[in-house]
Amino acid sequence: MQRNAVAALIAGIMASPITAGADQTYQLDDVVVTATRTAETADETLAPVTVITHEDIVRSQAQSLVDLLRGQPGVALANNGGQGKTTSLYLRGSNSDHVLVLVDGVKIGSATTGEAAFQDIPLELIDRIEIVRGPRSSLYGSEAIGGVIQIFTKRGSGAARPTLAVGGGSYGTVQGAATVSGGFGSGGWYSLGLADFNTQGFNACKGSLTAGCFVIEPDKDGYSNQSGRLRAGWRFADGTEAELNWLQANGRNAYDGSYVNESSTLQQVFGAHLGFKPTEVWHADLRAGQNEDYSDNYLNGVFQSRFDTRRNTLSWQNDIDLKPGQRLVAGVDWQNDSINSTTHYEVTSRDDTGLFAQYLAEFGRHRLQLAGRGDDNQQFGSTTTGSVAYGYALNDDLRLTASYGNAFKAPTFNELYYPGFGNAGLHPERSHSLDLGVTGKAGWGRWSLHAYETHITDLIAYDASYIPSNIDSARITGLEAEAATRVYGWDLRGNVNLLDPVDDAPGANAGKLLPRRTRSALTLDADRSFGAWGLGATLHAEGGRYDDLANQTRLAGYATLDLRTEYRFDRAWRLQGKVENLFNKDYETAYLYNQPGRGFYVMLRYQP
């Protein structure tokens, strides 16, 4: 996809509500977000934020969290062969381990790989997702170079409310989920759910002895996932809240590989939260969390290795209202990462303690955010990060924003200590980013435009001996455009992403594109209701990319079209159907790894 074509599409998105006779009553609701670690509305936050609601999830008929995240602003994905297979997420062109992921406020991710297992998190048990783009180390510490993704499960209230979903489709896919949520007593709430997903899959890898999976295994590579969640709490008469949350997903995954070709995985998140108000202007939060990322690996049914990592976290945060329109947020975070593996690591545990503070203020049409943080890492010593953001409302419907921030990423245990391939002398990766934005709203809908540039130094890359080293640097320049409107009864949403992610270090790869990042991407959604019927479509297109640093292996661009429909029997029951990849496009997001072709899926839902 050429840049001039994408630019024309941006103009089309912006112009369509005016030239196509838009419904002037169309309005998008404000949604609470946590880009600042404290409650704000989407209108108030100065960060580029995407909020995916539960209704968005149901409407999309996505088969997995990976499918749902594909096409979101600033997000690029590389998948190794279908459902359940390793999936890397690149947020605003940064590395796949440069995004910090939270589940109900608990930080998750593998201490060995440095990535969250998006492919194993059960979509049917998710209530809402917030994607914050841009550096957030000044609030969250390591990993938040590209941004933060927070996943929320449902918090119940009122009378008991059960839901049910059963369905299936192509590639032998069968799935189901059941949840119930509500309140009890004078101040209690609860929400629990179970989900099951099974697919026979398809051949994950095209097969090559010299690339990709380094083996030829032309078989079906299935995946199964059984998961559950629980969230419960109590609000006392004085306003104090206590809450527990738990999420667990057990997976069984078959794939193509010469060393291992099957894995049994566990993702578990446990959190405890206490919120109280010592005074009228001071709100305090105490939070403890644990994330377990376990993997047992097999070759043709014979056990080969185990990688079990655990992340324990503690946090104390204080929100203090200084005066109307001004707030101070300050606190301390503690984190311990540890490994228990059949593979020997010289170091198996490390701690990090971070102190953070943030000032939020609103003065008439001006909004200001200042944040700073100091991290003391057991291995790498002290690191200081900071950020500043400013917004100015030209009028009630148009706002300009500008922000700057730096961030860092501590090397993973694999990069440091994996036998034969680790480098214990690595330094943390560091970045600094600038973002300029404009957002607008009118009777026809909303739109936004963000331009940004990120410089990353001490970028970890593999040298000629396949040893990770701080030998690289990168410059990532991007443009994001979004718009949403209603035209003749159709709800229309679209986003365009332009990216220039280049290797900025001297040497043979200077000026080359960073691997697996596309330079252009477009997503268009259209949905409409016709009485009891609903129709929708999603067009997603991406330009070409390279699979290697030297830009020798090119992956072609592609476009897919999904169609969906649903019929509502009444307010609670609906039958949904979807055709994915209607034109059966053959494409790759990682070299030699297959992606699903045309697929047909149905789902029966009960949701009062």
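Quick note: residue numbers are just sequence positions, from 1.
Side chains of Ser96 and Leu89 form no contact here, defined as non-hydrogen atoms less than 4.5 Å apart. Under the 4.5 Å side-chain criterion, counting only non-hydrogen atoms from C-beta, Ile57 is in contact with Ile126. Looking only at side-chain heavy atoms (C-beta outward), Pro515 and Arg545 stay at 4.5 Å or farther from each other. At a threshold of 4.5 Å between non-hydrogen side-chain atoms, the residues Phe118 and Val101 count as touching. Side chains of Leu479 and Asn497 form no contact here, defined as non-hydrogen atoms less than 4.5 Å apart. Taking the side chain as every heavy atom from C-beta outward, Asp527 and Leu535 never approach each other to under 4.5 Å. Put simply, the side chain of Leu459 reaches to within 4.5 Å of the side chain of His98, judged on heavy atoms. Proximity of Asp500 to Arg519: side-chain heavy atoms (C-beta onward) are separated by under 4.5 Å at one or more points.
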Checking salt bridge (Lys or Arg N to Asp or Glu O under 4.0 Å) for the pair Asp503/Lys512: CA distance, chi angles, key distance, verdict?
-> CA-CA 5 Å; Asp503 189 320; Lys512 301 291 181 64; over 6 Å; no
Decide side chain to side chain contact (heavy atoms under 4.5 Å, CB included) for Val487 and Trp444; before the verdict, give the C-alpha distance in whole Å, the side-chain angles of both, and the deciding distance to 0.1 Å.
-> CA-CA 8 Å; Val487 179; Trp444 57 263; over 6 Å; no
For Thr385 and Asn406, run side chain to side chain donor-acceptor pair (under 3.5 Å): C-alpha distance rounded to whole Å, both residues' side-chain angles, the deciding distance at 0.1 Å, then the answer.
-> CA-CA 6 Å; Thr385 52; Asn406 63 341; 4.9 Å; no
Derivation and outcome, salt bridge (Lys or Arg N to Asp or Glu O under 4.0 Å), residues Asp435 and Arg92 | CA-CA 11 Å; Asp435 181 288; Arg92 281 195 163 185; 3.0 Å; yes
Does the side chain to side chain donor-acceptor pair (under 3.5 Å) test come out yes or no for Ser448 and Thr439, once each step is laid out?
-> CA-CA 4 Å; Ser448 69; Thr439 60; over 6 Å; no
I would like to know whether Thr589 and Thr518 meet side chain to side chain contact (heavy atoms under 4.5 Å, CB included); could you show each step before the answer?
-> CA-CA 9 Å; Thr589 57; Thr518 180; over 6 Å; no
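Counting only N and O atoms by type, the side chains of Arg605 and Gln576 include a donor and acceptor under 3.5 Å apart. If you check the side chains of Gln358 and Gln369, you find a donor sitting under 3.5 Å from an acceptor. Side-chain contact check for Glu580 and Gln63: no donor-acceptor pair (N or O, by modelled atom type) lies under 3.5 Å. Asn594 and Tyr587 are not linked by any side-chain donor-acceptor pair at a separation below 3.5 angstrom, with hydrogens and angles left out of the test. In summary, the side chains of Asp562 and Thr538 do not present any donor paired with an acceptor at a separation below 3.5 Å, with no hydrogens or angles considered. Tyr223 and Asn225 form a side-chain donor-acceptor contact under 3.5 Å, judged by distance and modelled atom types alone. Looking at Glu482 and His450, their side chains never bring a donor and an acceptor atom within 3.5 Å of each other. Checked by atom type, the side-chain pair Asn79/Gln595 shows a donor-acceptor distance below 3.5 Å.
Legend: residues meeting side chain to side chain contact (heavy atoms under 4.5 Å, CB included) with Glu44, ordered by chain and number and at least two apart, are Glu40, Thr41, Arg367. Scanning for ring-ring contact (aromatic ring centres under 6.0 Å, His included) contacts around His540 gives an empty result, with sequence neighbours left out. A search for salt bridge (charged side-chain N to carboxylate O under 4.0 Å, His left out) contacts involving Arg70 returns Asp67, not counting sequence neighbours. Every residue meeting the side chain to side chain contact (heavy atoms under 4.5 Å, CB included) condition with Tyr567, not counting sequence neighbours, appears here in chain and number order: Ala532, Trp533, Phe569. Every residue meeting the salt bridge (charged side-chain N to carboxylate O under 4.0 Å, His left out) condition with Arg574, not counting sequence neighbours, appears here in chain and number order: Glu55, Glu566. Scored by the salt bridge (charged side-chain N to carboxylate O under 4.0 Å, His left out) test, Lys206 finds Glu588 as partners (sequence neighbours excluded). Scanning for salt bridge (charged side-chain N to carboxylate O under 4.0 Å, His left out) contacts around Asp127 gives an empty result, with sequence neighbours left out. In this structure, the ring-ring contact (aromatic ring centres under 6.0 Å, His included) partners of Phe202, at least two apart in sequence or on a different chain, are Tyr171. For the side chain to side chain donor-acceptor pair (under 3.5 Å) test, residues two or more places apart in sequence or in another chain that qualify with Thr199 are Thr173. Residues passing the side chain to side chain contact (heavy atoms under 4.5 Å, CB included) test with Ala76 are Tyr90, sequence neighbours excluded.
A donor-acceptor pair is defined here as one N or O able to donate and one able to accept, closer than 3.5 Å; such a pair exists between the side chain of Ser170 and the backbone of Phe600. For Asn470 (side chain) and Asp458 (main-chain N/O), a donor-acceptor pair under 3.5 Å exists by modelled atom type. Side chain of Thr560 to backbone of Tyr558: no donor-acceptor contact under 3.5 angstrom is found. Judged by distance alone, with hydrogens and angles left aside, the side-chain atoms of Asn551 form a donor-acceptor pair with the main-chain N or O of Leu513 at under 3.5 Å. Using modelled atom types, one side-chain atom of Gln72 and one backbone atom of Leu68 make a donor-acceptor pair closer than 3.5 Å. At distances below 3.5 Å, at least one donor-acceptor pair connects side-chain atoms of Arg528 with backbone N or O atoms of Tyr488. Between the side chain of Asn95 and the main chain of Asp97, no donor-acceptor pair closer than 3.5 Å is present. A donor-acceptor contact shorter than 3.5 Å is absent between the side chain of Asn584 and the backbone of Asn581. Of the possible donor and acceptor atoms, one in the side chain of Thr565 sits under 3.5 Å from a partner among the backbone N and O of Gly534. Not one N or O on the side chain of Gln150 forms a donor-acceptor pair closer than 3.5 Å with the backbone of Ile131.
Taken to the nearest 0.5 Å, the CG atom of Asp104 stands 3.5 Å off from the OG1 atom of Thr153. Between Ser137 atom OG and Glu143 atom CD the span is 9.0 Å, to the nearest 0.5 Å. How far OG1 of Thr86 is from CG of Asn80: 5.5 Å, rounded to the nearest 0.5 Å. The CD1 atom of Ile129 sits 5.5 Å away from the CG atom of Leu69 when rounded to the nearest 0.5 Å. Atom CD of Glu453 is separated from atom CZ of Arg475 by 6.0 Å, given to the nearest 0.5 angstrom.
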Report, one line per pair, each donor and acceptor closer than 3.5 Å where one atom sits in a side chain of residues 389-396; sequence neighbours left out.
| unit_1 | atom_1 | unit_2 | atom_2 | d |
| --- | --- | --- | --- | --- |
| Tyr390 | OH | His366 | ND1 | 2.5 |
| Asn395 | OD1 | Asp397 | N | 2.7 |
| Asn395 | OD1 | Leu398 | N | 2.9 |

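Taking the ring centre of Tyr546 as origin, the terminal cationic atom of Arg516 falls outside the region bounded by 6.0 Å and 45° from the ring axis. Stacking of Arg373 on the aromatic ring of Phe356 is not recorded, the 6.0 Å distance cut-off and the 45° axial limit not both being met.
Here ring pair (Phe, Tyr, Trp, His ring centres under 6.0 Å) pairs that include residues 495-531, with residues two or more places apart or in two chains, number zero.
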